[in-house]
Amino acid sequence: DLLGAADDNNSILEIDKENEYQKMSGTFDRIIIGAPVYISRFPKSLLKWIKLNHQQLELRKISFFTVSLNAADPRVDARAADNSLLLKFAELTALSPRFVASFEGSLNYTKYGFLIRFIMQRISKSVGGPIDITKDHELTNWVNVKAYVTAILDNDTKSVFFCKNRFPDQVSSTYNYQPQSMISKT
């Protein structure tokens, strides 16, 4: 457990349809927002919650990470797609995360229906990933997750997770995104 259990110093809030309209309460100096990505989309409930709490979020140090199987794909176009998703999140939310990351998720073959299992297996096979559909596969690189959290806690501006280092052309000297120029219109 990288941040420690939820206690007086750490809080964990899972956003779903049940609490997407919940106003932020408490005082936090930094917030880490994580989102699964499915077919290049973020959960609507998370985007609604961010919109509702945008004014409060702008006052905090925000960091963001995505979780997707695409992050496990080593191909150059997959890396570009991950970067595009991080930039898309900043554009959609009008937030300026200080630290960003893309993490591999898991292949939950045993929880998928026939069609999704077949599609996921084909995708995984095409990039050399696991294809045994009789079990689930955890692909998360926990060493990278720990490095990301450590960079945030240490405010390591030399880290590869620091937004300005990852996107030097899209981030101004004050570490804020330049929303209109972030995503190429190709």
Side-chain angles (χ1 to χ4, degrees), residues 1-7 10-20 31-50 62-93 97 99-154 156 159-163 165-167 182-184 186:
D1 190 26
L2 299 172
L3 292 175
D7 57 20
N10 300 303
S11 295
I12 299 170
L13 175 62
E14 184 175 341
I15 305 300
D16 56 24
K17 289 184 180 184
E18 302 296 319
N19 61 1
E20 65 190 25
I31 296 173
I32 302 171
I33 299 173
V37 179
Y38 302 105
I39 315 171
S40 298
R41 293 189 185 114
F42 301 100
K44 289 180 184 178
S45 55
L46 177 62
L47 295 176
K48 287 178 185 177
W49 183 85
I50 289 170
I62 300 292
S63 296
F64 179 68
F65 68 90
T66 60
V67 178
S68 71
L69 290 178
N70 191 59
D73 186 341
R75 296 177 296 185
V76 172
D77 58 333
R79 304 286 41 82
D82 277 343
N83 285 340
S84 179
L85 285 170
L86 292 168
L87 293 170
K88 180 180 176 181
F89 175 79
E91 181 79 15
L92 288 171
T93 63
F99 294 88
V100 294
S102 299
F103 298 118
E104 307 86 343
S106 59
L107 270 171
N108 295 317
Y109 285 128
T110 63
K111 295 176 179 83
Y112 302 146
F114 173 78
L115 183 59
I116 298 297
R117 185 172 44 246
F118 175 74
I119 291 169
M120 297 306 288
Q121 184 185 40
R122 286 182 54 116
I123 292 169
S124 187
K125 183 178 183 179
S126 74
V127 297
I131 58 172
D132 180 355
I133 61 171
T134 64
K135 61 182 182 177
D136 297 334
H137 303 272
E138 175 62 55
L139 304 176
T140 306
N141 181 333
W142 292 104
V143 172
N144 282 347
V145 174
K146 184 175 183 175
Y148 171 71
V149 171
T150 300
I152 293 168
L153 295 176
D154 293 347
D156 184 357
S159 163
V160 296
F161 301 111
F162 189 60
C163 202
N165 297 339
R166 187 160 183 167
F167 304 111
M182 286 191 310
I183 300 174
S184 64
T186 55

Chemist: Suppose we screen for salt bridge (Lys or Arg N to Asp or Glu O under 4.0 Å). Which residues come up paired with Lys125, at least two apart in sequence or across chains?
Modeler: none

Chemist: Keeping to residues at least two apart or across chains, list the salt bridge (Lys or Arg N to Asp or Glu O under 4.0 Å) pairs with something in residues 133-145.
Modeler: Lys111-Asp136

Chemist: Provide the full list of salt bridge (Lys or Arg N to Asp or Glu O under 4.0 Å) pairs with a residue in residues 70-84, sequence neighbours left out, each pair given once.
Modeler: Asp73-Arg75, Arg79-Asp82

Chemist: For Val160 versus Arg166, what's the shortest heavy-atom pair and its separation?
Modeler: O-CB, 3.9 Å

Chemist: With sequence neighbours excluded, what pairs up with Thr66 under the side-chain hydrogen bond (donor to acceptor under 3.5 Å, both in side chains) test?
Modeler: Ser102

Chemist: How would you list, by chain and number, every residue that makes a side chain to side chain contact (heavy atoms under 4.5 Å, CB included) with Ile133, sequence neighbours excluded?
Modeler: Tyr109, Arg117, Gln121

Chemist: Sequence neighbours left out, what passes side-chain hydrogen bond (donor to acceptor under 3.5 Å, both in side chains) with Ser106? Give chain and number order.
Modeler: Asn108

Chemist: Contact between Phe162 and Asp156 at the side-chain level, heavy atoms closer than 4.5 Å - yes or no?
Modeler: no

Chemist: Is the closest side-chain heavy-atom distance between Leu139 and Pro130 below 4.5 Å?
Modeler: yes

Chemist: Run the side-chain hydrogen bond (donor to acceptor under 3.5 Å, both in side chains) test against Asn165 and tell me which residues pass, sequence neighbours left out.
Modeler: none

Chemist: To the nearest 0.5 Å, how far apart are CZ in Phe65 and CD1 in Ile33?
Modeler: 10.0 Å

Chemist: Which pair of non-hydrogen atoms, one from Asn70 and one from Ala81, has the smallest distance, and what is that distance?
Modeler: ND2-CB, 3.7 Å

Chemist: How many angstroms lie between CD1 in Ile131 and CG in Leu107, if you round to the nearest 0.5 Å?
Modeler: 11.0 Å

Chemist: Grab the two heavy atoms, one from Cys163 and one from Val100, that are nearest each other, plus how far apart they are.
Modeler: SG-CG1, 4.2 Å

Chemist: State, yes or no, whether a side-chain contact exists between Val145 and Trp142 at a heavy-atom distance under 4.5 Å.
Modeler: yes

Chemist: If every non-hydrogen atom of Ser159 is compared with every non-hydrogen atom of Ala151, which pair is closest and at what distance?
Modeler: OG-CB, 3.5 Å

Chemist: Ile116: which residues meet the side chain to side chain contact (heavy atoms under 4.5 Å, CB included) condition with it, sequence neighbours left out?
Modeler: Tyr112, Met120

Chemist: Side chains of residues 39-50: which donor-acceptor partners sit under 3.5 Å, not counting sequence neighbours?
Modeler:
| unit_1 | atom_1 | unit_2 | atom_2 | d |
| --- | --- | --- | --- | --- |
| Lys48 | NZ | Glu20 | OE2 | 3.3 |
| Trp49 | NE1 | Gln22 | O | 3.0 |

Chemist: Who passes ring pair (Phe, Tyr, Trp, His ring centres under 6.0 Å) against Phe161, sequence neighbours left out?
Modeler: Tyr148

